[in-house]
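Taking it in order: structure first as structure tokens, then the write-up.
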Amino acid sequence: MIERIETLQQRWENYRPTKTQAIWLAVGCFAATLILGFGPGGWVTGGKAKQQVAEAAANARYELAAAVCADRFMQAENARARLAKLNGAGWYDRGELLAKEGWATMPDRKEPNTAVAGMCASLLADKKT
């Protein structure tokens with residue numbers, strides 16, 4: 001008696017799933033696609049995408065305003081003395097100091113933006129006196 005051992009390829013070719021098995025296989029593939037897509041795949045919902053776009057736009061505006069703030073600060077009279085005073089202040093006080101002096105107030109606004117003041121202080125901290 002010779003027993004015939006089927007190879008993996010032969011078993012694969014001979015396999016015929018039932019309807020129930022085929023449905024569960026489809027459900028499993030669907031669930032795996034969603035889990036992998038929304039997890040490591042980076043998919044997001046429409047609402048999350050809109051939120052990310054709004055945050056990116058706000059951050060871009062703040063970065064531009066901070067660059068304008070730093071440029072205006074460096075172009076003003078006594079920029080070196082003011083920069084030395086700013087660098088002499090603690091890192092946590094620099095943004096507030098810029099806001100009080102009006103450097104973080106954009107021309108079309110009445111109040112300074114604290115986020116812009118902090119970013120401007122970071123940009124000015126890199127400058128040499």
Side-chain angles (χ1 to χ4, degrees):
M1 265 200 314
I2 300 177
E3 288 188 28
R4 215 170 124 197
I5 300 175
E6 287 184 290
T7 64
L8 182 61
Q9 181 180 1
Q10 289 170 337
R11 284 188 290 170
W12 180 260
E13 290 172 357
N14 294 334
Y15 180 69
R16 300 288 180 248
T18 64
K19 288 180 184 178
T20 304
Q21 290 173 332
I23 289 171
W24 281 112
L25 179 64
V27 168
C29 289
F30 179 73
T33 300
L34 289 179
I35 290 168
L36 291 175
F38 282 103
W43 298 350
V44 293
T45 62
K48 180 72 172 178
K50 288 179 183 178
Q51 177 187 359
Q52 288 176 339
V53 166
E55 288 173 5
N59 286 338
R61 283 192 302 272
Y62 291 159
E63 288 175 11
L64 179 61
V68 168
C69 167
D71 188 53
R72 284 179 39 213
F73 185 93
M74 293 306 292
Q75 297 299 322
E77 290 183 27
N78 300 329
R80 288 180 184 244
R82 289 182 182 181
L83 187 58
K85 179 183 174 187
L86 185 70
N87 287 334
W91 63 268
Y92 45 86
D93 290 331
R94 292 177 185 164
E96 187 176 322
L97 183 65
L98 287 172
K100 282 182 184 176
E101 292 182 5
W103 296 108
T105 305
M106 292 298 104
D108 62 335
R109 306 279 183 208
K110 294 182 190 223
E111 295 293 322
N113 187 318
T114 56
V116 171
M119 294 172 86
C120 182
S122 296
L123 289 173
L124 290 171
D126 295 337
K127 304 267 185 197
K128 300 286 184 195
T129 54

Nearest 0.5 Å, what's the CG-CG distance between Asn78 and Leu83?
12.0 Å

Say whether Phe30 and Phe38 are linked into one hydrophobic cluster, either directly or through other cluster members, by side-chain heavy-atom distances under 4.5 angstrom.
yes

Between atom CG of Asn14 and atom CD of Gln9, what is the distance when rounded to the nearest 0.5 Å?
10.5 Å

Let me check something: do Met74 and Leu97 share a hydrophobic cluster, defined by ILVMFWY side-chain heavy atoms less than 4.5 Å apart, either directly or through other members?
yes

With rounding to the nearest 0.5 angstrom, report the CZ to CG distance, Arg109 to Asn113.
8.5 Å

Once rounded to the nearest 0.5 Å, what's the spacing between atom SG of Cys69 and atom CD of Glu101?
10.0 Å

Looking only at heavy atoms, the pair that brings Glu13 and Arg16 closest together is O-NH1, 3.2 Å

Tell me the closest heavy-atom pair linking Leu98 and Ala117, and the distance in Å.
CD1-O, 3.7 Å

Minimum side-chain heavy-atom gap Arg94-Leu124 below 4.5 Å:
no

Decide, yes or no, whether a salt bridge links Glu55 with Lys50 under the criterion of side-chain N to carboxylate O below 4.0 Å.
no

Identify the heavy atoms of Ala79 and Phe73 that sit nearest to each other, and give their distance.
CB-O, 3.7 Å

Would you say Gln10 and Tyr15 are linked by a side-chain donor-acceptor pair, where the criterion is simply a distance under 3.5 Å?
no

Might you point out which heavy atoms bring Pro112 and Ala99 nearest each other, and give the distance in Å?
CG-O, 3.8 Å

Taking all non-hydrogen atoms of both residues, which atom of Arg72 and which atom of Trp103 are closest, and how far apart?
O-CZ3, 3.5 Å

Do side-chain atoms of Arg80 reach the backbone of Glu77 as a donor and acceptor pair under 3.5 angstrom?
no

Starting from the C-alpha separation in whole Å, work towards a yes-or-no answer on side chain to side chain contact (heavy atoms under 4.5 Å, CB included) for Trp43 and Thr33.
CA-CA 11 Å; Trp43 298 350; Thr33 300; 3.9 Å; yes

Once rounded to the nearest 0.5 Å, what's the spacing between atom CD of Gln21 and atom OG1 of Thr18?
3.5 Å

Under a 4.5 Å cut-off applied to non-hydrogen side-chain atoms, are Thr105 and Lys110 in contact?
no

CG on Leu86 to CG on Asp93, rounded to 0.5 Å
10.0 Å

Any idea which heavy atoms bring Ala125 and Asn87 closest together, and the distance?
CA-OD1, 3.9 Å

